[in-house]
Amino acid sequence: MPVLLQVDFPFSGPWGPAMTDALQGLAASIAQEPGLIWKIWTENAATNEAGGIYLFADRPSAEAYLAMHTARLKGFGIPEVNGKIFDVNGELSAIDRAPL
């Protein structure tokens with residue numbers, strides 16, 4: 001059963017195309033994480049927040065990634081990382097065209 005991971009943290013930029021240019025290497029690394037199905041990158045320059053919504057194949061993969069990514073972000077100087085893992089209701093999500 002896939003699980004959803006929601007992560008957000010304070011971030012002062014860069015935003016938009018500059019963020020894309022600066023973080024392509026990180027995105028390529030994340031794409032190789034065990035159990036990752038997909039990630040949607042999130043950014044809000046107005047509130048100085050960034051993060052992502054991830055779909056993992058299973059809870060252990062999501063938990064391992066969250067622990068590793070939290071440590072990595074803290075190593076980048078980000079003091080607070082919020083992460084939540086949710087079970088996915090596949091049947092209801094399919095009705096609403098979720099990319100599962």
Side-chain angles (χ1 to χ4, degrees):
M1 172 68 62
V3 298
L4 193 81
L5 170 62
Q6 174 188 326
V7 175
D8 63 83
F9 49 87
F11 188 69
S12 58
W15 308 106
M19 181 186 210
T20 301
D21 291 342
L23 299 179
Q24 284 192 15
L26 180 60
S29 171
I30 291 169
Q32 302 305 311
E33 288 296 325
L36 178 70
I37 298 171
W38 52 253
K39 175 184 180 179
I40 296 173
W41 288 68
T42 58
E43 57 182 287
N44 187 335
T47 60
N48 282 327
E49 293 176 282
I53 306 294
Y54 307 73
L55 186 68
F56 279 91
D58 53 61
R59 184 172 289 271
S61 296
E63 289 171 345
Y65 177 80
L66 178 58
M68 180 279 299
H69 195 50
T70 298
R72 173 171 50 197
L73 290 170
K74 289 188 177 199
F76 292 161
I78 295 170
E80 183 178 339
V81 178
N82 302 307
K84 294 180 181 180
I85 298 174
F86 297 92
D87 292 326
V88 173
N89 183 308
E91 292 79 14
L92 292 175
S93 297
I95 293 169
D96 294 319
R97 298 182 295 279
L100 298 178

Check your understanding: Listed by chain and number, what are the salt bridge (charged side-chain N to carboxylate O under 4.0 Å, His left out) partners of Arg72, not counting sequence neighbours?
Key ->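 None.
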
Ignoring hydrogens and angles, write down the donor-acceptor pairs under 3.5 Å from the side chains of residues 4-33, residues two or more places apart or on other chains.
from	atom 1	to	atom 2	distance (Å)
Asp8	OD1	Asn82	ND2	2.9
Thr20	OG1	Gly16	O	3.3

Practice item. Any side-chain hydrogen bond (donor to acceptor under 3.5 Å, both in side chains) involving residues 37-53? Give me the pairs, sequence neighbours left out, ordered by first then second residue. Key: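 Every pair satisfying side-chain hydrogen bond (donor to acceptor under 3.5 Å, both in side chains) with a residue in residues 37-53: Lys39-Tyr54, Asn44-Thr47, Thr47-Glu49.
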
**Study point:** Cluster overlap Leu55 with Tyr65, hydrophobic side-chain contacts below 4.5 Å
**Key:** no

Check your understanding: Do Ile37 and Ile53 share a hydrophobic cluster, counting only Ile, Leu, Val, Met, Phe, Trp and Tyr and linking them when any side-chain heavy atoms are less than 4.5 Å apart?
Key ->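 Yes: a chain of side-chain contacts under 4.5 Å links Ile37 to Ile53.
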
Check your understanding: Residues two or more places apart in sequence or in another chain: which of them pass side-chain hydrogen bond (donor to acceptor under 3.5 Å, both in side chains) with Thr70?
Key ->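 With sequence neighbours excluded, Thr70 shows a side-chain hydrogen bond (donor to acceptor under 3.5 Å, both in side chains) to no residue whatsoever.
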
Can you give me every donor-acceptor pair (side chain of residues 83-100, partner residue at least two apart or in another chain, under 3.5 Å) with its distance?
from	atom 1	to	atom 2	distance (Å)
Asp87	OD1	Arg59	NH2	3.0
Asn89	OD1	Glu91	N	3.3
Asn89	OD1	Leu92	N	2.9
Ser93	OG	Asn89	O	2.7

